[in-house]
Peer 1: 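This structure is in structure tokens; I'll ask about it shortly.
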Amino acid sequence: MNYFNESLTSIHEKLAKKEISAKDLTQETLNNIQAVDGDINAFLTVDEASAVKDAEQIDQNGIDADNGLSGVPVAIKDNMLTKGMKTTAASKILENFTPMFDATAVEKLKSFGTVTLGKTNMDEFAMGGSTENSAFKVTHNPWDTTKVPGGSSGGSAAAVAAGEVLVALGSDTGGSIRQPASFNGVVGMKPTYGRVSRWGLIAFGSSLDQIGPITRNVQDNATVLNAIAGHDQHDLTSSTKEVPDFTSTLNKGVKGMRIGIPTEFMSQGLDDDVKQTVLDAADEFRKLGATVEEVSLPHTKYGVAAYYIISSSEASSNLQRFDGIRYGRRAKDVKNLEDLYVKSRSEGFGDEVKRRIMLGTFSLSAGFYDAYFKKAAQVRTLMNNDFAKVFKDFDLILAPTAPTPAYGIGEDVSDPMTMYMNDVLTLPVNLAGLPGMSIPAGFSNGLPVGVQLIGRPYDELSVYQAGNAFEQDTDFNQQTPKMGGTN
């Protein structure tokens with residue numbers, strides 16, 4: 001069975017017709033991971049015994065013919081709690097932490113009959129854009145193993161790109177689903193803030209974090225979002241808005257849609273091949289019947305500064321709980337309580353996490369709150385207003401996902417400012433709480449290049465509709481790395 005080139009729809013048809021069992025599919029997937037992941041390092045944990053046991057139970061209960069996820073193996077980013085399965089956030093401070101309950105998104109997937117295979121590598125506490133900040137291993141890009149897979153959801157994106165799984169969950173605080181999706185040539189959706197519950201997601205920036213799916217194609221992505229979206233009584237920031245069927249308008253096309261390309265996103269610093277990919281995508285949308293025009297989002301030039309002040313401030317607050325007392329790493333040979341706090345956190349946190357805790361603590365400190373955090377919050381409002389103004393006249397925004405294709409491992413990790421600037425095109429979407437999806441749109445020297453479609457709040461339908469129209473008229477998502485598992 002050539003699992004790598006299957007879609008959720010075709011896999012589910014085979015499961016429903018009993019051409020393959022959930023156990024067989026799970027074992028095939030586990031074999032694929034074993035064959036491929038030594039070169040990719042996408043997974044931190046693979047629980048083969050539990051996965052096979054769960055698949056056997058699904059077979060015993062019977063595949064749900066009306067449920068496109070029943071019997072499908074999935075991977076989960078390692079900052080989402082999984083009951084009985086180690087969850088580390090790729091940090092030494094949680095190296096041996098095993099949760100007692102599932103994150104809501106994980107629980108919802110399980111209720112649809114998915115099989116959780118394991119946990120994917122990431123930048124520690126989701127702080128980074130290359131998955132080089134993991135405390136345990138560096139994940140490699142399946143298209144070129146000397147390149148980064150992006151981050152912080154690099155493990156999830158690489159696992160999908162390499163054909164290890166069809167579905168993986170990631171989280172996106174400033175582009176951490178979309179940027180690795182672009183680098184790996186897969187589809188990554190950051191839903192509207194509040195569309196998916198954050199309960200059980202280890203918090204980085206609470207006003208920015210959002211869980212979303214990473215898949216090979218748009219329809220599969222919409223199918224997964226159908227399963228995980230919706231209000232959760234455990235998360236008061238989750239939306240009570242009705243969740244539509246995100247697959248219902250996939251085939252309506254883009255005729256009559258108005259799409260804007262922000263001038264500020266196409267300016268200096270953008271790789272020539274990436275810029276050309278966006279322009280070619282714009283021509284494709286015009287060919288399909290959409291109107292594409294330039295628009296302006298003038299305050300995005302302040303986005304990186306505002307984002308890193310806000311996200312680091314929220315991180316410094318969220319990470320206070322890791323104190324060596326209640327759970328996680330506890331330092332030995334300490335003299336007093338303060339010594340326990342300092343040593344546990346010094347030993348447990350990596351350099352990037354420490355850097356952001358210090359930046360956030362400084363921004364919130366007396367005498368600097370008004371100068372930094374308050375100003376950043378005001379800039380955020382201005383950026384929201386820019387998007388709202390554009391969306392009065394346009395249905396969607398088309399933009400590059402990342403300034404460059406995947407870069408070399410070790411190339412930027414020692415330069416925090418360069419690394420931060422790589423988020424310049426994705427983080428405005430998080431600051432405004434909008435839905436954004438990266439889709440494969442081209443190649444540069446053999447490496448994938450993605451473009452992102454940005455929608456109005458809670459209008460994932462239009463994002464998926466346009467993304468599917470583009471995908472159906474191109475073949476970028478059908479091209480795969482040579483090392484892609486059973487391919």
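The figures that follow rest on heavy atoms only: side chains count, while hydrogens, waters and symmetry mates do not.
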Peer 1: Does any donor atom in the side chain of Arg356 or Ser316 lie under 3.5 Å from an acceptor atom in the other side chain?
Peer 2: no

Peer 1: Taking atom types as modelled, find out whether Asn121 and Asn41 have a side-chain donor-acceptor pair closer than 3.5 angstrom.
Peer 2: no

Peer 1: Can you tell whether the side chains of Glu460 and Arg195 come within less than 4.0 Å, N to carboxylate O?
Peer 2: yes

Peer 1: With side chain to side chain donor-acceptor pair (under 3.5 Å) as the test, pick out the partner of Lys77 among Ser171, Ser156, Ser176.
Peer 2: Ser171

Peer 1: Can you list the residues that meet the side-chain contact (heavy atoms from CB on, under 4.5 Å) rule with Asn61, with sequence neighbours excluded?
Peer 2: Gln57

Peer 1: Should the pair Arg456-Asp395 be classified as a salt bridge under the 4.0 Å nitrogen-to-oxygen rule?
Peer 2: yes

Peer 1: Show the nearest heavy-atom pair for residues Ile228 and Ala105, with the distance to one decimal.
Peer 2: CG2-O, 3.7 Å

Peer 1: Examine the side chains of Thr404 and Asp271 and answer whether a donor and an acceptor come within less than 3.5 Å of each other.
Peer 2: no

Peer 1: Once you measure the plane-to-plane angle for Phe387 and Phe391, does it fall in the parallel (<30°), tilted (30-60°) or perpendicular (>60°) bin?
Peer 2: parallel

Peer 1: Tell me, yes or no, whether the heavy-atom count around Glu19 atom CD, taken from other residues, nucleotides or ligands under 6.0 Å, exceeds 12.
Peer 2: yes

Peer 1: If the condition is side-chain contact (heavy atoms from CB on, under 4.5 Å), which residues does Ala227 pass it with, not counting sequence neighbours?
Peer 2: Leu69, Leu109, Phe112

Peer 1: State plainly whether the residues Lys119 and Asp78 are in salt-bridge range, i.e. N to O under 4.0 Å.
Peer 2: yes

Peer 1: Between Arg286 and Asp283, does any side-chain N to carboxylate O distance fall below 4.0 Å?
Peer 2: yes

Peer 1: Rounded at 0.5 Å granularity, tell me how far CZ in Phe43 sits from OG1 in Thr120.
Peer 2: 7.0 Å

Peer 1: For Phe476 and Phe443, take the angle between the two ring planes, folded into 0 to 90°, and tell me which bin it lands in: parallel under 30, tilted 30 to 60, perpendicular over 60.
Peer 2: tilted

Peer 1: Which pairs, with at least one residue in residues 199-228 and sequence neighbours excluded, count as a ring pair (Phe, Tyr, Trp, His ring centres under 6.0 Å)?
Peer 2: Phe101-Trp199, Trp199-His234

Peer 1: Tell me whether Glu56 is salt-bridged to Lys53, with the criterion being a basic N under 4.0 Å from an acidic carboxylate O.
Peer 2: no

Peer 1: Ion pair present between Asp102 and Lys108, side-chain N to carboxylate O less than 4.0 angstrom?
Peer 2: no

Peer 1: Salt bridge between Lys14 and Glu6, side-chain N to carboxylate O under 4.0 Å?
Peer 2: yes

Peer 1: When you measure from the side chain of Ser182 to the backbone N and O of Gly450, does any donor-acceptor pair fall under 3.5 Å?
Peer 2: yes

Peer 1: When you check the side-chain N and O atoms of Ser7 and Asp220, is any donor under 3.5 Å from an acceptor?
Peer 2: no

